[in-house]
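Have a look at the structure below before the remarks.
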Amino acid sequence: SGTLTMKLNGYDGRRVTVSCENGKSGASSISGGRASFANIPVESCRLQVFGLVGGTITIRGGAKTLKCSYSGALACN
């Protein structure tokens with residue numbers, strides 16, 4: 001497990017949540033184009049940016065930085 005950071009420009013102030021298979025979850029908000037979550041396990045997790053249609057995506061957790069974009073649907077790599 002580790003700190004998962006999500007980068008998404010243009011959506012500062014939006015609430016973001018992550019919820020993983022083992023029940024670990026976290027909430028943050030985007031500030032300066034990024035949101036971070038501590039102790040996220042390396043497993044399948046659901047990432048949701050509130051207020052965006054199509055703003056939910058399934059990702060693999062762990063200590064990493066995801067670069068995301070939004071154009072009708074959230075995409076991260």
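Along the sequence shown, the residues carry numbers beginning at 1.
Both tests hold for Arg15 against Phe50: distance to the six-membered ring centre under 6.0 Å, angle to the ring axis within 45°.
Of all non-hydrogen atoms in Lys24 and Ala38, the two that sit nearest each other are CE-O, 3.5 Å. The two residues Asp12 and Gly32 have their closest heavy-atom pair at OD2-N, 3.0 Å. Heavy atoms only, all atoms of each residue included: Ala35 and Val16 are closest at CB-CG2, 4.4 Å. Between Gly13 and Ser29, the shortest heavy-atom contact is O-CB, 4.4 Å.
Using a 4.5 Å heavy-atom cutoff, the side chains of Ile59 and Leu66 are in contact. Two residues are said to be in side-chain contact when any heavy atoms from C-beta on lie closer than 4.5 Å; Met6 and Val49 meet this criterion. With a 4.5 Å cut-off on side-chain heavy atoms, Leu47 and Thr56 do not count as touching. The closest side-chain heavy-atom distance from Lys64 to Leu4 is below 4.5 Å. Side-chain contact between Leu52 and Arg14: present, with at least one pair of heavy atoms (C-beta onward) separated by less than 4.5 Å.
The structure places OG of Ser19 at 8.0 Å from CD of Gln48, a figure rounded to the nearest 0.5 Å. If you take OG1 on Thr58 and CG on Leu74, they are separated by 10.5 Å, rounding to the nearest 0.5 Å. Atom-to-atom distance recorded for Leu8:CG and Cys76:SG is 7.5 Å, nearest 0.5 angstrom. Atom-to-atom distance recorded for Arg60:CZ and Cys45:SG is 8.5 Å, nearest 0.5 angstrom. Here the straight-line distance linking atom CZ of Phe37 with atom SG of Cys20 works out to 9.5 Å at 0.5 Å rounding. Of the inter-residue distances, the one linking Asn77 atom CG with Thr65 atom OG1 reads 11.5 Å to the nearest 0.5 angstrom.
Side-chain contact annotation: Thr3 with Ser36, donor-acceptor N/O pair under 3.5 Å absent.
Counting heavy-atom neighbours within 6.0 Å of Lys67 NZ, excluding the residue itself, gives a total of 12 or less.
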Decide side-chain contact (heavy atoms from CB on, under 4.5 Å) for Glu43 and Asn22; before the verdict, give the C-alpha distance in whole Å, the side-chain angles of both, and the deciding distance to 0.1 Å.
CA-CA 8 Å; Glu43 63 183 32; Asn22 76 347; 3.3 Å; yes
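Checked by atom type and distance alone, the side chain of Asn39 never pairs as donor or acceptor with a backbone atom of Gly2 at under 3.5 Å.
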